[in-house]
Amino acid sequence: MDKFTGLLTKIRLLQDKPLLVRFTLKSDDKSLNCITAKEILGQRILMLPDDKYTAEVVGLFNVKEQLVVRQLIVLNPDNLIKIIDLW
């Protein structure tokens, strides 16, 4: 599993049944296209505003060079993050 850290941006719903969420993880040197099909993780990511939170993600790359996210932890939590349990 690969681990990356960056700013969560461009959070979008791709499909609702089954839930498929995409977002971009921007770091200083590159941007990663990320997706997740984990329903609880996708629901929580959709609650977050763009360009506010720095996160650490863990996952594997698929054949389209997208990072399939298995775990996400917000590194700069506030009250919202604590409520939706992403820290």
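The 12-atom threshold is not exceeded at CG of N79, counting heavy atoms of other residues, nucleotides or ligands nearer than 6.0 Å. Counting non-hydrogen atoms of other residues, nucleotides and ligands closer than 6.0 Å to CG of N62 gives a total above 12.
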Derivation of the side chain to side chain contact (heavy atoms under 4.5 Å, CB included) call for V57 and K3: CA-CA 6 Å; V57 296; K3 185 187 286 189; over 6 Å; no
Decide side chain to side chain contact (heavy atoms under 4.5 Å, CB included) for L60 and L67; before the verdict, give the C-alpha distance in whole Å, the side-chain angles of both, and the deciding distance to 0.1 Å. CA-CA 5 Å; L60 297 170; L67 183 66; 5.6 Å; no
Going through the checks in order, is the side chain to side chain contact (heavy atoms under 4.5 Å, CB included) test met by V21 and L14? CA-CA 6 Å; V21 175; L14 295 179; over 6 Å; no
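Distance check: I11 CD1 to L48 CG gives 5.0 Å after rounding to the nearest 0.5 Å. Interatomic distance, L8 CG to L72 CG, rounded to the nearest 0.5 Å: 5.5 Å. Here CD of Q15 is found 10.5 Å from CD1 of I35. Values are rounded to the nearest 0.5 Å. Atoms CE and CD, from M1 and Q71 in turn, are 8.5 Å apart once rounded to the nearest 0.5 Å. Atoms CD and CZ, from Q66 and F61 in turn, are 10.0 Å apart once rounded to the nearest 0.5 Å. For the atom pair E39 CD and K17 NZ, the distance stands at 8.0 Å (nearest 0.5 Å).
Of the options V74, L80, N76, a side-chain contact (heavy atoms from CB on, under 4.5 Å) to D78 is made by L80 and by none of the others.
Smallest separation of non-hydrogen atoms from L19 and Q43: CD2-N, 3.7 Å. For the residue pair A55 and L25, the shortest heavy atom distance occurs at O-CD1, 4.1 Å. Looking at every heavy atom in both residues, V69 comes nearest to T36 through O-OG1, 3.2 Å. Taking all atoms of both residues into account, the shortest heavy-atom contact from L7 to Y53 is CD1-O, 3.4 Å.
The hydrophobic cluster containing F23 also contains L41, counting ILVMFWY residues as joined when their side-chain heavy atoms lie under 4.5 angstrom apart, directly or transitively.
Salt bridge present: R12 and D50 bring a charged side-chain N and a carboxylate O closer than 4.0 Å.
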